[in-house]
Every structure is written in C-alpha cells, then in structure tokens.
Number of protein chains: 2
Amino acid sequence: MASSSTQTDLQRYPRPSLAIDVALLTVVPGYRPHLGVVLVRHRNGDGGPGWCLPGTFVHEGERLADAVRRVLRDKAGLSGVDPRQLHVFDDPARDPRGWVVTVAHADTIRAEDVDTHRSSDHDVTVAPVEGTGASARAQLPDRQRTLPYDHAEILSVATEDLRRRYAEAPDPAGLLPEPFTLLQLRQVHEAVGGRPLQKDTFRRRMEPHLIATDDRTTGTTGRPAQLFRRADSRAQSPEAPEGRAQP
Amino acid sequence: MASSSTQTDLQRYPRPSLAIDVALLTVVPGYRPHLGVVLVRHRNGDGGPGWCLPGTFVHEGERLADAVRRVLRDKAGLSGVDPRQLHVFDDPARDPRGWVVTVAHADTIRAEDVDTHRSSDHDVTVAPVEGTGASARAQLPDRQRTLPYDHAEILSVATEDLRRRYAEAPDPAGLLPEPFTLLQLRQVHEAVGGRPLQKDTFRRRMEPHLIATDDRTTGTTGRPAQLFRRADSRAQSPEAPEGRAQP
DNA sequence: CGAATAGTGTCTCTTAGACAATATATA
DNA sequence: TATATATTGTCTAAGAGACACTATTCG
C-alpha cells in the first residue's frame, strides 16, 4: 500500500474538474461529398444559446472514452464510436467557472447513422466543414459565426489528424460500408483531404491495400465498377494504451 | 472546453487528482552516440526504492507544461525544456491510492546540460535506451528490471514520437548546438532512429534544410568538414502540395 | 606519401503524377 | 450507336539507395 505521506498528497492539493469534448466527423454524401462535424445545442453560454461540440464532465470511475460515448449517446443519440485522444487543454483561465481541464477527442461516424437520428432531434445537427487542419472552419447554422471555447481549435486538430490517417491507408476509419467502389473510396478521401485526387494515381496507391470481391456494381450508367474490401481489416493505430500511477 | 452545465456541476462531481510524467530524452555522446532517458529515484513504491520517470501532481492554477518544468527543476535540477503532450492515462484503477489521471509528456535535453548536474546529485541518472517505439527499453541501474507504473509505455510513445520528428527535418529538437557538421548531425539522427544511415543519402536529404556557414572544422584528422546551421529555424508544417510544372 | 575523413558523380529502382488509350456497361 | 464510367498502358520527373570516385587535411 501507499505510505501515509503519499496518501496525504492526494488530498493536500486541489483537484481540477475533468471534462471531455469530442469532434465527431463524418462525410456528407452529395454531388461532391464533404466533411461534416456533429454539433449539439448548448444553452448556458454567455452569448446565449448556440451550437458547440458535444462535451461533458468525466464521472468518478469513468474512462475518458466512456465519457465520450456517454455524451454522444445522451446528447446526440449516437453509439458505436471509438474515440481517439487528441490534446489536453489546460489553461487555468479557460473556464470562468473554475479550474476545468478538458481532453479533446475525435472520432468518425457514418452519415447514415447521424441522419436517422437527426430528423427526430432538433438539438443535434451536422455542420459542413471547410478546409482542413489550421484552416478548418465549420459553417454553423443560425448565423452563428464561431464555435465557443476551444472548440474551433479542437476541430482543427481533429481534421488534421484524420487527413494524415487517410493519406496512408484506404478509409482507415471505416466511413464507407464494404464493399465499395474505387470511386466511392476516392470521394471519401477527397472529402477528408479537402482536395481533388487523380483517379489513376489514387487507384494504384490504394489497390495494394484492397481486396477485390467477386462482385461489380450493376444498374449504373457506364462500365460497372469492381467492388473492394479493405485488406488491412484492423490493426492500425499509432497508440492508445492505458495505465498507472505516480511517485 | 466543456459542457452546457451550470455552476453546480463543478461541485457536484468528484474530481480526479491530476498528475504529469515526463520522458526526458537525450543523446549520449560516445563511440556510437545513443539515446538516453533521464530517471529519478523514488522511494515510496511497493517494491522499495527504484528509478522512474520524473512526475508530480499538478498544482492549482498551474499549466501542465509548468508542472513538467517544475518537477524537472526540483527533482533533477534541469531547466529550459518545452514539453510536448503525449497521452493521457486514465484508468481509474491505475493508482491504488485513488483516482489519479496522468498526462504523459516528452521532451529533449542536451547531454551536457544533464551531466553538469548529475555529478552533484545521486538521485538523478541517465539510462541508455535500446530500440525505439514499442521495442524501446531502458537499461536501468542497480539491477532494476523494469520501469514502474506506465512508465515503460510512456518511454515507448516518447521515443516513437521523437523518431518520427527526426525522419523529416534536421535535428528538430535542437539536440545539437550550432554550428555542427553533417557527421555530428547524422550520428544524432542514427541515435534517435536506432539504425545506421548512409552518409551520402543523408546529406542529400538534409542539405536543403541546412545553411552552410563560412567555417569548417579544424585540427581534426582527415579533410575538414563544413559547418552548418538549421535553415528552418522554426515553423515546420507537414504540407504536401499537388500539381506538376508546366513544360 | 599514406591514412582518414569529407564531399560528389552517377547508376538503378521505385513511385507519383499526368495523359491517353482501351474496356464494358446503359440508354 | 452514343455516352458514360472503369481500368490499364505508358511516359516523365523526382527521389532513395547504393557504390565508387575525388578532395583535402594531418602526420
């Protein structure tokens, strides 16, 4: 067990409130598919009601990732996410209410999974995102100009993180249901990367990481397209470990 | 920032203790320079005294980076670091003393700056590190086998992070004092990367990011070497433009 | 001169990018 | 057949890697 001196350490120092925020990204289908971010309404901001990223305080005994899942379930009715840690925002003056440290997270979700719920909930929306990385900006509803708190920065880091992951492998976040065509895959990558990609170069770079199925598209105009699955089915994360304590 | 909550929320929920740990890496000079990590003695572990990464609780009103600087100053007498966040370890059962969330950090320091202090302090040492990333392991003094807590994992993430940064640019962490020769630079990169590099390929890849000074080495055996400085003194953005030159 | 290290020439191989030809479906 | 999309062939340029040659110092 711990010595008495360390025991007191846990109580000697004031403790911060611990929160999480999450940038849940998706690709919105359409003429040119584009990146979107899930927003929820908040009511107690200084500037009145508005849209922001989902966030919550972490409960005792709760994992950060579980707090992210909880807030997405409670506030947006979404499930099945696997959030990634992005960054800790720790400015003591960040929150006028007191000392609140927040851990920014990111994840992705398929557009279909958001849409089914959005129709029945006016407190959840998907805002289009323009640009990626430092230039990423959400086009907010209701003439709202900016995201509150550090949320714009979280969105920047989240889109940049996603862009980097998509530069290497085909749809590593699984935004596309299998099987898919190379056109569908390329459109998702264009949305995530924020720029057009050439179809031949893209095909040659992705094909080593894909497995062709026996099927092709049918009923569409033009030549039918081969349907593929991801070859690297799983096992592809920089790090996400767990752990331990303190001297 | 956090959530659509009221003043009472800050007090309604229990709060975790917030800690930091830091993997302070350096390159130890010698026949073949190699990676090292700064360790401090701790006394209150279950298994008696031993070596571990420096860590501390975060004080109220303190930034995480400042807590890192404080612990390095107080426990190791080191200063002038600029820590990078790596990962949050949040398992509620991590620490038997209670709910302690720790933010792992990494930074680098020049070997000279450690050595000057180490001679006068028996509670600080630099342990050689073998391997990089998941296979990174510190060779501990006093027949100690493993690092306590999650510290081995923090070391893995820290070395991997450093390796990735050094793959792009010349000595981005500034481990080498300017000016330096290409041999010195290559040895540092070999230590960080954990593998030998070819001198001609290395030179050609680094030269665009270097500025030759008017000086050369003198007094050494063999042909004198050109002395360089880093060209990208600061600011390094991972951009990947597209398009081709016109005929 | 000989040893030792620095720096360059050059060849090969791989890959991204661009353009264009060919293949196969629907209307 | 006309049209639209998928797929492949091929050329070019850039870059990594490897090998070997030249350059310049000290003793």
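Keep in mind that what you see is a predicted model, and the values were worked out from it rather than measured. Each chain gets a letter, A, B and so on, in the order its sequence line appears, and its residues count up from 1.
Rounded to an integer number of Å, the gap from Asp215(B) CG to dT25(D) C1' is 17 Å. One atom, CD of Glu207(B), and another, P of dT8(C), lie 6 Å apart when rounded to the nearest Å. In this entry the distance linking CE of Met206(A) with P of dT15(C) reads 15 Å, nearest Å. Between the CD atom of Glu168(A) and the C1' atom of dA16(C) there is a distance of 14 Å, rounded to whole Å. Going from atom CZ of Arg205(B) over to atom P of dG15(D) covers 12 Å, rounded to whole Å. Here the P atom of nucleotide dA16(C) and the CZ atom of Phe202(A) are 12 Å apart, to the nearest Å.
The minimum heavy-atom distance linking Pro83(A) with Asp107(A) is given by the pair N-OD2, 3.6 Å. Contact record, Phe202(B) with Leu182(B): CE2-O, 4.1 Å, taken as the closest heavy-atom pair.
Between the CD1 atom in Ile20(A) and the NE2 atom in His105(A) there is a gap of 6.5 Å [rounded to 0.5 Å].
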Got a list of protein N/O to nucleotides 3-6 of chain D N/O distances below 3.5 Å?
unit_1, atom_1, unit_2, atom_2, d
dT5(D), O2, Arg223(A), N, 3.3
dA6(D), N3, Arg223(A), NH1, 3.2

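Within 6.0 Å of CG in Asp214(A) there are 12 or fewer heavy atoms belonging to other residues, nucleotides or ligands. A 6.0 Å sphere centred on CZ of Arg137(B) holds no more than 12 heavy atoms belonging to other residues, nucleotides or ligands.
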What donor-acceptor contacts under 3.5 angstrom involve side-chain atoms of residues 28-41 of chain B, with partners at least two apart or in another chain?
unit_1, atom_1, unit_2, atom_2, d
Arg41(B), NE, His122(B), O, 3.4
Arg41(B), NE, Asp123(B), OD1, 3.1
Arg41(B), NH2, His122(B), O, 3.2

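In terms of phosphate contacts, Gln198(B) brings a side-chain nitrogen or oxygen within less than 4.0 Å of OP1 or OP2 of dA18(D).
The side chain of Thr201(A) lies closest to dA16(C) when the candidates are dT8(C), dA16(C), dG9(D).
At the heavy-atom level, Arg204(B) lies under 4.0 Å from base atoms of the strands shown.
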